[in-house]
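First comes the structure, then the notes that go with it.
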Amino acid sequence: MTPTLLTLVVSLVEEAVKIAPAAAADFQAIFSKSNPTPADWEALRAKVQSKGYFDYVPDSDLPH
């Protein structure tokens, strides 16, 4: 993995945690595993995709 790509990944995770603090626990859980499996990553993807913007940002000023 190139340093540029790694920097991008770190930035994306940082922004996701800022925008959706509840996601921080999900990221922490998967990164704390010594060897996350493909099933772990798929479960995280499915959880994230099952929610909408307003689930992650309930105090948004955007109209529903």
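Note that the structure is predicted; figures quoted are calculated from it, not measured.
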Sequence neighbours left out, what pairs pass salt bridge (Lys or Arg N to Asp or Glu O under 4.0 Å) with at least one residue falling in residues 35-49?
D26-K47, K33-D40, E42-R45

Distance-only criterion, 3.5 Å: show the donor-acceptor pairs between side-chain atoms of residues 15-22 and protein atoms not counting sequence neighbours.
| from | atom 1 | to | atom 2 | distance (Å) |
| --- | --- | --- | --- | --- |
| E15 | OE2 | K18 | NZ | 3.3 |

Distance from F54 atom CZ to D59 atom CG, nearest 0.5 Å?
11.0 Å

